[in-house]
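What follows is a short report on a single structure.
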Amino acid sequence: MSANGTSEMITINLDGREVEVPKGMNAIEAAKLHGKEIPHYCYHPKLSIAGNCRMCLIEMGMPMRDRGTGEPVLDEQGVQKIGWGPKPVIGCATDVSPGMHLRTDSESVKEARNGVTEFLLINHPLDCPICDQAGECRLQEFSADHGRGYSRFIEDKNVKPKRTVLGPRVTLDDERCILCSRCVRFSQEVAKDDVLGFVDRGTYSTLTCYPGKELANNYSLNTVDICPVGALTSTDFRFKMRVWFLKRTNSICTESSVGANTTVWSREGKIYRITPRRNDAVNDTWMTDSGRDLFKPFESDDRLTHYTVDGVHQSPEIAAKAAAELLRAGSVAVVGSAHSTVEEQFILEEIAKKTGASVSMVKHEGEGDGILLSEDRSPNLRGALLNGLISELPKGDLTLLAAQVDSGAVKTLLVVNEDLTQLGLTEAQLGQVKIIYLGAFANAVSQVAQVVLPSLSVFEKSGSFVNQNFRLQKFAAAVPGPRGLIAELGVLAMVEALLGEGNSQAPTIAQVWERIGQTEGVFAGLAWQKIPEEGLKLEAGSLAKLNFVESKNLKLDPAALEAAQALPA
Amino acid sequence: MATTKVIERKPLTFAEKTFLPQIATGLKTTFGNMLKKPITLQYPEERPVIPDNYRGVPTLVKDPNGREKCVSCQLCEFVCPPKAIRITPGEINAEAEPDRAHVEKAPQEFEINMLRCIYCGFCQEVCPEEAIYLQDVFSLSGYSREEMINKKDKLYELGGTLPDEHFKWDKKKAAELSGNPEH
Ligand code: SF4
Ligand code: SF4
Ligand code: SF4
Ligand code: SF4
Ligand code: FES
């Protein structure tokens, strides 16, 4: 897996041009760096190299040296001769070395691709009209680019199983499989759940699960993403919508503190699927299956869709005013959330400061899988710490808050997302206080709250999270929220403004960042536009010493971090 | 600025002044046409002959075996310039229709908004299954906007059955049943 090379730069000759590339990088990546596409199927930057599809054939040559003396062999002009290989080589398994010559678009290379394409297509069904991969299919694209455009095959095509159920989420169409083995290697190398393999030989080769096994692990849908053709399909997305109608929006997975980078695919306000987006510092090119379903709860009926004050539907402005009124009375406690964005937490902290409220938070933990699902099931715990909303790791329940309610020290609660009845507060205790509830779903708290401020899902608003590696990552709104709702950042900012002198207009996210950028600490000098699409690593500072719950996973190694910290500076 | 040039008008001759030759030519045309066979049609009682390849209302067709040809690939929806087509793709229920199960896909709903359609024929041209045709229906009217949206049933009713040269899916089924033997 040396495809990405080292940092040492060397010079190679790519189609007659001298170019600089990192040493040890393979020819496909090196050519890509300089704008040349070498078509490939089986090679995947994050998997081992199999070299079985032969689509990436190129010509390679090395400067010639005399075998006996090791002296360079020169031609009449005194230039070192190039010893071109007699046959093409595969680009995926050819690592560049100094002085190497590559031809990626010579006649013989074109002929090789044409031949490979013809062989791949002889038994391929003409399925594109009913194939979900159409529009994002490598075979379709490369056949158009490098194929011959008509078929010389007059024999009967092979018939293979069409609708094999491999697991709860993956359906296989064997006829379309080009036997690239990406899915097999993924299962072995990344998911560590070796269930896929080929049976039979030659053109009869068929992908199946081992007897008695199924492709059921929480990463199974990644095989659908990496399958270059329409063989592996998502049972959920199958036949739902053509990919060319779908709008892509960059998002962040909220399942755990890993913060996998994702792409949300939507059409006309409806989300159809979520796929991983490559980020080598966070999730490579993978994500969990469970993270892809997170948009579904937001389509349910128990979503809060109206701002209410004492049970009456109101406009956001009036609801914000009512909330500010309650907060002004004092004796406030805030229950924050690690599901809120950095910006929302910042405004919440400002509200807490203005009202002198104490802030508590609860942890949400689950079992980690050591890959891309961490133990901390909230996307932005580190954001809350960096914001100063909380200064220590949250606990499992709110017994302290319950005592404060009993003693009368707390008379007003501002609750974000949490269902307090699950966290150690009784309904009787909730009855003793005034409650402002901010959340997406109806629960026991929203039912008794004086002011209910519905919130939007991560797909409906923009914002940023800080992940397990203290990486600040932003996401954009993919679809509009329920009619009449504005992002909770706006509502919170209105409440905050009403508590002070400011005007009560909902600010934009960039305006909020102007304020965050003025704070001291890691956010100083940052602005919304300055957060790069691939995220920004923040200095953890003293927070790194906290005893975070995450154990080792794909991109986090607490032991190594600790060792690095222990080293004298 | 362009200069204006005044052209002298030719004075009328005596014959022109009487207008009689002009009236005579006009009457000749009138009487000539009175005696010819009329070319206007008494629409709607009389209907014109629609030539082949006429681009009328787009319709969905079935093959001679009565099989729904559209597989809801949504290419026509994509290509339609005024976005008149709206398809809800669906999966064929293998249990309910075993002899069609191998096609896998069919439209759950298919709508063409005839208030939007510009009769360009792109949908017919792009269809990989030869399922959508602009046929000879040319007059379409309704009392409401909803009525002008042709639903799937209406589209098949208008389309009827057209001959098929390929029977692609029947061949596929045959290959599946006999085809290359399992080894
Ligand atoms: S895998 Fe690609 S080429 Fe094959 S039927 Fe599907 S879209 Fe067409
Ligand atoms: S199913 Fe897809 S990924 Fe797996 S071997 Fe076949 S073509 Fe490759
Ligand atoms: S004829 Fe043209 S405008 Fe009408 S439905 Fe077809 S593609 Fe659309
Ligand atoms: S009518 Fe043709 S182009 Fe349109 S969805 Fe059906 S098969 Fe595709
Ligand atoms: S990509 Fe090189 S052989 Fe498949």
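The figures here come from the full heavy-atom set of this structure, side chains too, leaving out hydrogens, waters and symmetry mates. Numbers restart at 1 for each chain; the letters A, B, ... are given by sequence-line order, proteins then strands.
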Basic-acidic side-chain contact under 4.0 Å: [X], [Y]:
{"X": "A/D236", "Y": "A/K296", "value": "yes"}
{"X": "A/D127", "Y": "A/K162", "value": "yes"}
{"X": "A/D200", "Y": "A/K160", "value": "no"}
{"X": "B/K151", "Y": "B/E146", "value": "no"}
{"X": "A/D173", "Y": "A/R176", "value": "yes"}

Report yes or no: do A/N218 and A/S290 form a side-chain donor-acceptor pair below 3.5 Å?
yes

For A/N158 and A/T203, does a side-chain donor sit closer than 3.5 Å to a side-chain acceptor?
yes

Quick one: which residues of residues 133-145 of chain A reach chain B at under 4.5 angstrom, heavy atoms only?
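Listed by number: none.
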
Test A/D225 against every option in A/R292, A/R273, A/R182 by the side chain to side chain donor-acceptor pair (under 3.5 Å) rule and name the one that passes.
A/R292

Out of A/R242, A/K247, A/M241, which residue meets the side-chain contact (heavy atoms from CB on, under 4.5 Å) rule with A/Y272?
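By the side-chain contact (heavy atoms from CB on, under 4.5 Å) criterion, A/Y272 pairs with just one of A/R242, A/K247, A/M241: A/M241.
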
Using a heavy-atom distance cut-off of less than 4.5 Å, which residues of [range] contact chain A?
{"range": "residues 107-131 of chain B", "result": "B/P128, B/E129"}
{"range": "residues 69-104 of chain B", "result": "B/V71, B/C73, B/Q74, B/L75, B/E77, B/F78, B/R86, B/P89, B/G90, B/E91, B/A101, B/H102, B/V103, B/E104"}
{"range": "residues 10-46 of chain B", "result": "none"}

Side-chain contact test, heavy atoms from C-beta onward, threshold under 4.5 Å: evaluate it for [X] versus [Y] and give yes or no.
{"X": "B/L140", "Y": "B/M148", "result": "yes"}
{"X": "A/I178", "Y": "A/Y41", "result": "yes"}
{"X": "A/D132", "Y": "A/F239", "result": "yes"}
{"X": "A/T263", "Y": "A/M287", "result": "no"}
{"X": "B/V61", "Y": "B/I132", "result": "no"}

Atom CZ of residue position A/F119 - does it have more than 12 heavy atoms of other residues, nucleotides or ligands inside 6.0 Å?
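Counting other residues, nucleotides and ligands, CZ of A/F119 stays at 12 neighbours or fewer.
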
Please step through salt bridge (Lys or Arg N to Asp or Glu O under 4.0 Å) for the pair B/E176 and B/K171, ending with a clear verdict.
CA-CA 8 Å; B/E176 202 177 309; B/K171 283 185 196 151; over 6 Å; no

